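Report on one structure; see the data block that follows.
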Amino acid sequence: MTSSHLPAADPCTLVIFGASGDLTRRLLVPALRNLRESRLLPDQFAVVGFSRSAPAIDDLPAFRHVHGAFDDAAAWARLKDEVVERMHAVGSQNLLFYLATAPEQFLNICERLAEVQLLSESDNGWRRVIVEKPFGTDLRTARQLNQRLTAVMREEQIFRIDHYLGKETVQNIVVFRFGNGIFEPIWNRRYVDHVQITVAETLGVEMRGEYYDQTGALRDMVPNHLFQLLTLSAMEPPSALDAGALHAEQVKVLEAIEPLAASDCGTTTVRGQYAAGQVDDATVRGYRDEPKVDAASTTETFAAFRIAVDNWRWAGVPFYLRTGKRLRGKKSEVAIHFRQPPLALFRQASMAPPEPNQLVISIQPEEVIKLKIAAKVPGPELTASPVDLRFNYADYFGVEPQTGYETLLYDAMTGDRSLFKRADVVEAGWGVVDPIVTAWAAGSCTLETYQAGSDGPDAAAQLLTRDGRRWRPL
Ligand code: BG6
């Protein structure tokens, strides 16, 4: 995040719940450090951590820690005293709470915060809460959580985070689409054949077996990360680049998705689980042998499906989404596949037809945008070959140390909610995913096995070949 013309964020105290956890250590602390180096943290700033074990923060200036469990009244009293003291020291009533905890704690913590009067805003200070994912486990629980959170604070105080929105290339989808006049006229059913959205990982479930085995690939990745990519790629131009206008357009996309009928789930969705295999030259175990995973688990580690965004822009254009762990490569991308141009000319010239154009927005492993076009291969023979017009972020802007959380923390401190999820965006996402979860639970889609290090189950390839298409390679 470059500091070129941004002012430092508002003076405030950041309170981290779950200060001993992995998220705090791996992402929040480095992000705060990067923000400080970019001069985007205010001078009047303090951090208070709250956790049962030793904090994962050691070298942040102005850091205090409160030991205790989230259900311990005495610990809450100590936390309140510490926070009040910090507010005086900082000279500001602004408080940002970060819930870097297990999701079961979200509501409990917010209700406690309300009880100890730390959520009430005044003219002298704002109070904001960053809530991590997963936000609910289905539409019902997400709705319930939304209702109960808004019983203790205003929607505008809730910042539901999705770390995909902290990624520059994801934010760039909006600038790319609406800041360049040449793409928007072809960004629709007249020119687009289909869209592929992929978030593939080589990692397994690591030490998160307990959470993952109850969650699965679909709920872990789709209503949040994949749907952010989908909605930003498919939405109409917003009336402004502010949170309200962006969220309104994102919700419309999700609401336009045709609900999947349980009877179609066998043909339009694929679920898979990895078996042992080779990833990046290392032998890795199968999912059922991972720590804290049930040895007979039927949880999916791979999900793929086809959806229809049934609106004026996209009617008839299939969107294929896939995500999985222990796949051949790490790759997050949105690929717009354009229609085939008329081929008569090439038939007359007896040459193989050029491949249709593809526009690929790559988020990981490289931040790249490329447009695949056909070019004549040099020489006397008339043949075409696909070549890439390629823009790599690093070539133009250099690469800064980034966790993706810098922008999100800064935005929360300045009150910009554009990169956070509004309640209805979250609910609309679950609304699309729930019927698939239900159909899968009812056994309407076989759990396929795929070898670790592969492209996923064969059934995922068939999902596209049946439609005369194929996935981009991983
Ligand atoms: C998290 C999921 O939200 O996103 C993880 O819980 C997943 O299972 C991770 O590994 C992927 O994030 P990234 O930024 O590595 O693509």
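Keep in mind that what you see is a predicted model, and the values were worked out from it rather than measured. Atom set for the values below is all heavy atoms of this structure, side chains included, hydrogens, waters and symmetry mates excluded. Note that ligands are numbered from 1 as they come in the structure, with each ligand's atoms numbered from 1 the same way.
For atom 16 (O) of ligand 1, the closest heavy atom belonging to the protein is Tyr164 OH, 2.5 Å. Here the protein heavy atom with the shortest distance to atom 8 (O) of ligand 1 is Asp220 OD2, 2.6 Å. Residue, atom and distance of the protein heavy atom nearest to atom 11 (C) of ligand 1 are Glu201 OE1, 3.7 Å. At the shortest separation from atom 1 (C) of ligand 1 among protein heavy atoms lies His225 NE2, 3.6 Å.
Within the 4.5 Å cutoff, the side chain of Tyr212 has heavy atoms near those of the Thr301 side chain. Inter-residue side-chain proximity for Gln273 and Thr298 is flagged as unmet; no heavy-atom pair is nearer than 4.5 Å.
The atoms of ligand 1 that sit less than 4.0 Å from any heavy atom of Arg208 are 2 (C), 5 (C), 6 (O), 8 (O). Interface of Gln364 with ligand 1, defined as ligand atoms under 4.0 Å from a residue heavy atom, comprises 13 (P), 14 (O), 16 (O).
At least one N or O atom of Lys325, backbone or side chain, sits closer than 3.5 Å to an N or O atom of ligand 1. Considering backbone and side-chain N/O atoms, His163 comes within less than 3.5 Å of an N/O atom of ligand 1.
Side-chain N or O atoms of Ser362 include none that pairs as donor or acceptor with a backbone N or O of Glu367 at under 3.5 Å. Although no hydrogens or angles enter the test, the distance criterion places no donor-acceptor pair under 3.5 Å between the side chain of Thr446 and the main chain of Glu448.
Annotation: Phe391 is in aromatic contact with Tyr393 [ring centroid separation under 6.0 Å]. A centroid separation of 6.0 Å or more is found between the aromatic rings of Phe302 and Tyr274. For Phe305 and Tyr320, the ring centers sit 6.0 Å or farther from each other.
Remark: among candidates Lys133, Lys167, Lys330, the nearest residue to atom 15 (O) of ligand 1 is Lys330, based on non-hydrogen atoms.
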